[in-house]
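Reading through the C-alpha cells given below for one structure.
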Amino acid sequence: MWKLFISGFRYKPHNFLNMLVKTFGAAVQGIDALIVTIEVTMENGFQFCMVGLPDAAVKESHQRVVSAIKESGYDPPRRKNIVINLSPADVKKEGAAYDLPIAIALMVGGGVIEAPGLDRYIIMGELSLDGTVLPIRGALPMAIEARKRGYKGIIVPQANASEAAVVNNLEVYGVRNLLEVVDFLRGASDLQPVEFDTRAEFARTQQNFDFDFSEVKGQENVKRAFEVACAGGHNILLVGPPGSGKSMLSKRLPTIMPPLTLSEALETTKIHSVAGKLKSGSKLMTARPFRAPHHTISPVALVGGGNNPLPGEISLAHNGILFMDEFPEFPRTVLEVLRQPLEDRHISISRARYAVDYPAGFMLVASMNPCPCGYYNHPTKECTCAPGAVSKYLGRISGPLLDRIDIQCEIQPVPFDKLAGMETGESSTDIRLRVVKARAVQEERFRGEREVHCNAQMNARLIAKCCRLDESSMNILRRAMTKYDMSARAYDRILKVARTIADLDGSADIQPLHVQEAISYRNLDRGSWGKANAVLP
C-alpha cells in the first residue's frame with residue numbers, strides 16, 4: 001500500500017507564471033514510510049496532468065480537490081496548465097490520502113494562499129467534495145517517519161489524531177476540514193496539538209480483559225498446556241469433540257500471555273494502522289491481538305498482499321495469537337502458506353510490481369475435532385465415521401505443518417459433576433505471574449541473541465547449548481522417538497517445550513519429568529492415533 005503526504009515547498013510569491021512548487025512527503029511501503037517528492041508546475045493554459053504512476057483514485061483527486069477548495073470559500077487556480085509529478089515516478093501511487101497535500105500545493109502554487117511555515121509540517125488526508133477531511137490508513141508509521149526526519153509536526157484527519165499522537169516529541173494536529181488546515185498554515189487559527197501520554201495510557205489499559213480462566217471449570221491438563229505454551233511462545237493444537245471447550249479456552253489465552261512491551265505495542269499498532277483496522281479515535285494497542293479468521297479465508301487474505309498490498313491475518317496477529325478454529329476445514333493451500341512464517345516469523349511477498357516484507361511473529365493456536373463426526377475417542381458417545389475416516393481427516397493437515405506445532409493436546413468433555421460444581425478455577429492473574437516469571441528467565445538467557453526472546457524461537461545452536469539432557473532424560477526421549485517414529489523437527493520441539501517446563505519449575509537443568517511432560521504434548525505423533533478406526537470391529 002502506498003500513501004502520500006506533503007511536508008514543505010519552495011515558495012516564490014513574486015511570480016505565478018511558470019512557477020514550480022516542490023513539496024516533500026512520504027509513502028507507506030510495507031509497514032514503514034518512504035520519502036516522496038511532489039512537484040507542481042503552473043503556467044497559462046487549460047490543462048491538468050498528473051504523472052508518477054498514480055492509480056485511478058489519485059487521478060480522481062483533481063475533481064475532489066477543486067470542489068473542496070470552492071466549498072472552503074476560495075477560488076481554485078484557473079486558466080493554468082497544471083502538472084503534478086509524484087516522485088519516485090517508478091513507484092505506483094494508490095489511495096485518496098494524496099488529496100489534502102495536493103490541494104495545499106495547488107493553493108500555494110496558484111497564489112491563492114501564502115503558507116510560509118509549511119516546510120515544518122507533514123500534511124495528509126482524503127477530501128470529500130465539501131472540504132471535509134476523511135480518515136486515512138497508515139497515520140502512525142507516517143508520524144514515526146516525520147519525527148525521524150525532524151519535522152515539527154504532522155497534520156492529519158481528526159479521526160487519526162489520537163493514533164498519530166502516540167509518537168512523542170512531535171506536534172500532532174487533528175483537522176476536520178480543508179479550511180482549518182488553510183487557517184492554521186496562514187497563522188489565523190489557534191488549533192492546538194493533541195496531547196497524549198503514551199506511557200501512562202499504556203500502563204493504565206494493558207490489564208483490561210473481558211475473560212478469565214477462573215470461569216473455566218475442569219480441563220486442568222489443558223490449562224497447564226496453555227501455561228506452558230504462553231511461557232515459551234509455543235504453537236499449540238487442541239483436538240477434542242464438539243462442546244469440550246476448545247474455543248472457550250482459546251479466547252482466554254491472551255489473559256495469561258506476558259504483557260506487551262511499549263516497543264511491541266507501537267509495532268503492533270503500526271501494523272493495524274497500515275491495514276486500516278484501527279477504529280476512529282483509537283490510540284495505542286495495549287493488549288496482544290487475537291485474530292480468528294474463518295476457514296473460508298483465502299491465502300492472500302492470510303499472508304497479505306493483493307492489488308493494493310496490505311498486511312494479512314498472520315501480520316495482524318503479530319505479537320499476539322492467530323486462532324484457527326476447525327483447523328482441517330481450512331483449504332490445504334491456506335494451511336501450507338503457514339509453514340514458512342511459523343519458522344521465519346516474517347513473510348516476504350514478491351510480485352511483478354512490488355515486494356514487501358511484513359512481520360509475522362505470532363503464536364498459532366488451532367483447534368479441531370478428532371474426526372468428521374467429532375466423537376472419536378469420546379468417553380460416552382460412539383464414533384460413527386467410516387473405517388479410515390479418522391486418519392483421512394487428520395491427513396488434511398500435512399506432516400511438516402504438524403511438526404511445526406510444538407504442543408498437540410487432546411481435550412475431553414468436562415464431567416457433569418465438575419460442570420455443575422460451584423468451585424472456581426485458578427485465575428488468569430495467578431497463571432500469568434508464573435508465565436511472566438518464566439519469560440524473565442528466558443529474556444536473561446537470550447540477552448545477547450538477536451531476535452530471540454523465548455524458547456520457541458531457539459535455533460539449532462541454542463537448542464544444543466540450552467537444552468542439554470542427562471542420561472536418564474535422554475533414554476526417555478530415545479524410547480519415545482523410536483516408539484512413535486517422530487521426526488527430527490519433533491525432537492527439537494520436545495527439547496524446546498521441556499526447556500520451558502523447566503523454566504516454569506525454576507530448574508536450571510531439564511529433568512526427566514520435564515521431558516516426559518513434553519512428550520505427552522505430542523499426541524498426534526503417536527502411531528496409534530486414529531488406527532483403531534481404520535478396521536471394522
Side-chain angles (χ1 to χ4, degrees), residues 2-11 21-28 33-40 50 52 54 57-58 61-62 64-66 68-69 72 74 76 84-87 93 95-110 112-128 131-165 167 170-189 191-194 273:
W2 296 88
K3 292 189 183 301
L4 181 68
F5 50 95
I6 187 172
S7 63
F9 73 103
R10 295 175 182 175
Y11 179 58
V21 177
K22 283 192 175 182
T23 60
F24 306 95
V28 173
L34 174 72
I35 296 300
V36 173
T37 301
I38 308 171
E39 298 174 327
V40 177
M50 183 180 293
V58 181
S61 67
H62 181 224
R64 293 191 296 271
V65 165
V66 169
I69 292 175
S72 299
Y74 291 89
I84 300 176
N85 179 41
L86 308 178
S87 176
K93 316 304 186 305
Y98 302 83
D99 292 356
L100 188 56
I102 289 175
I104 297 298
L106 289 177
M107 295 176 76
V108 172
V112 177
I113 63 170
E114 296 184 13
L118 184 60
D119 58 344
R120 296 178 295 171
Y121 297 97
I122 285 172
I123 307 173
M124 55 191 231
E126 176 184 349
L127 288 174
S128 65
T132 301
V133 181
L134 303 177
I136 62 169
R137 294 173 176 169
L140 179 56
M142 292 176 182
I144 293 173
E145 185 68 12
R147 182 181 66 178
K148 179 180 177 182
R149 298 291 181 176
Y151 292 100
K152 180 181 179 181
I154 180 171
I155 301 173
V156 295
Q158 192 174 54
N160 299 108
S162 298
E163 170 191 341
V167 181
L170 181 73
E171 295 180 2
V172 176
Y173 297 91
V175 294
R176 292 170 295 181
N177 51 59
L178 176 60
L179 188 58
E180 284 191 358
V181 182
V182 172
D183 289 344
F184 175 77
L185 294 175
R186 291 173 54 241
S189 170
L191 189 66
Q192 297 297 315
V194 178
S273 172

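Positions are given from 1 along the sequence.
For the pair Met124/Ile136, a side-chain contact is recorded, criterion being any heavy-atom separation below 4.5 Å from C-beta on. Proximity of Pro193 to Val172: side-chain heavy atoms (C-beta onward) are nowhere separated by under 4.5 Å. At least one side-chain heavy atom of Val181 sits under 4.5 Å from a side-chain heavy atom of Ile155. Leu86 is listed as a side-chain neighbour of Tyr98, based on a closest heavy-atom distance under 4.5 Å. Annotation: side chain of Met50 is in contact with side chain of Ser61 (closest heavy-atom distance under 4.5 Å). Arg186 has its side chain out of reach of Glu114: every pair of non-hydrogen atoms, C-beta onward, lies at least 4.5 Å apart.
The side chain to side chain contact (heavy atoms under 4.5 Å, CB included) test with Ile113 singles out one residue from Ile69, Asp183, Val108, Leu118, and that residue is Val108. For the side chain to side chain contact (heavy atoms under 4.5 Å, CB included) with Leu100, the lone residue among Val156, Val65, Ile123 that qualifies is Ile123. For the pairing with Leu106, the side chain to side chain contact (heavy atoms under 4.5 Å, CB included) check across Val40, Val112, Val66 returns one residue only, Val40.
The heavy-atom pair separating Ala164 from Ala139 by the smallest distance is CB-O, 4.3 Å. Pro157 approaches Leu134 most closely through the heavy-atom pair CG-O, 3.1 Å. Here the shortest heavy-atom pairing between Ala161 and Gly174 reads CB-CA, 3.8 Å. Counting all heavy atoms, side chain and backbone alike, Ala159 lies closest to Pro135 at CB-CG, 3.6 Å.
Counting only distance, with no hydrogens or angles, the side chain of Gln158 and the backbone of Val175 share no donor-acceptor pair below 3.5 Å. In terms of modelled atom types and a separation under 3.5 Å, the side chain of Thr132 and the main chain of Ser128 share no donor-acceptor contact. Put simply, the side chain of Ser189 gets close to the backbone of Leu191: a donor and an acceptor are under 3.5 Å apart. The backbone N or O of Glu180 sits less than 3.5 Å from a side-chain atom of Asn177, completing a donor-acceptor pair.
Atom CZ in Arg137 sits 10.5 Å away from atom CD in Glu126 (nearest 0.5 Å). Atom CG in Asp99 sits 5.0 Å away from atom CG in Leu127 (nearest 0.5 Å). Atom-to-atom distance recorded for Leu170:CG and Arg147:CZ is 7.5 Å, nearest 0.5 angstrom. To the nearest 0.5 Å, the span separating CD1 on Ile102 from CE on Met107 amounts to 14.0 Å.
Evaluation of the ring-ring contact (aromatic ring centres under 6.0 Å, His included) rule for Phe184 yields Tyr121, Tyr173 as partners, not counting sequence neighbours.
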Should Tyr74 and Leu178 be marked as a side chain to side chain contact (heavy atoms under 4.5 Å, CB included) after you check the CA-CA gap, both sets of side-chain angles, and the distance that decides it? CA-CA 11 Å; Tyr74 291 89; Leu178 176 60; over 6 Å; no
Going through the checks in order, is the side chain to side chain contact (heavy atoms under 4.5 Å, CB included) test met by Asn160 and Leu140? CA-CA 8 Å; Asn160 299 108; Leu140 179 56; over 6 Å; no
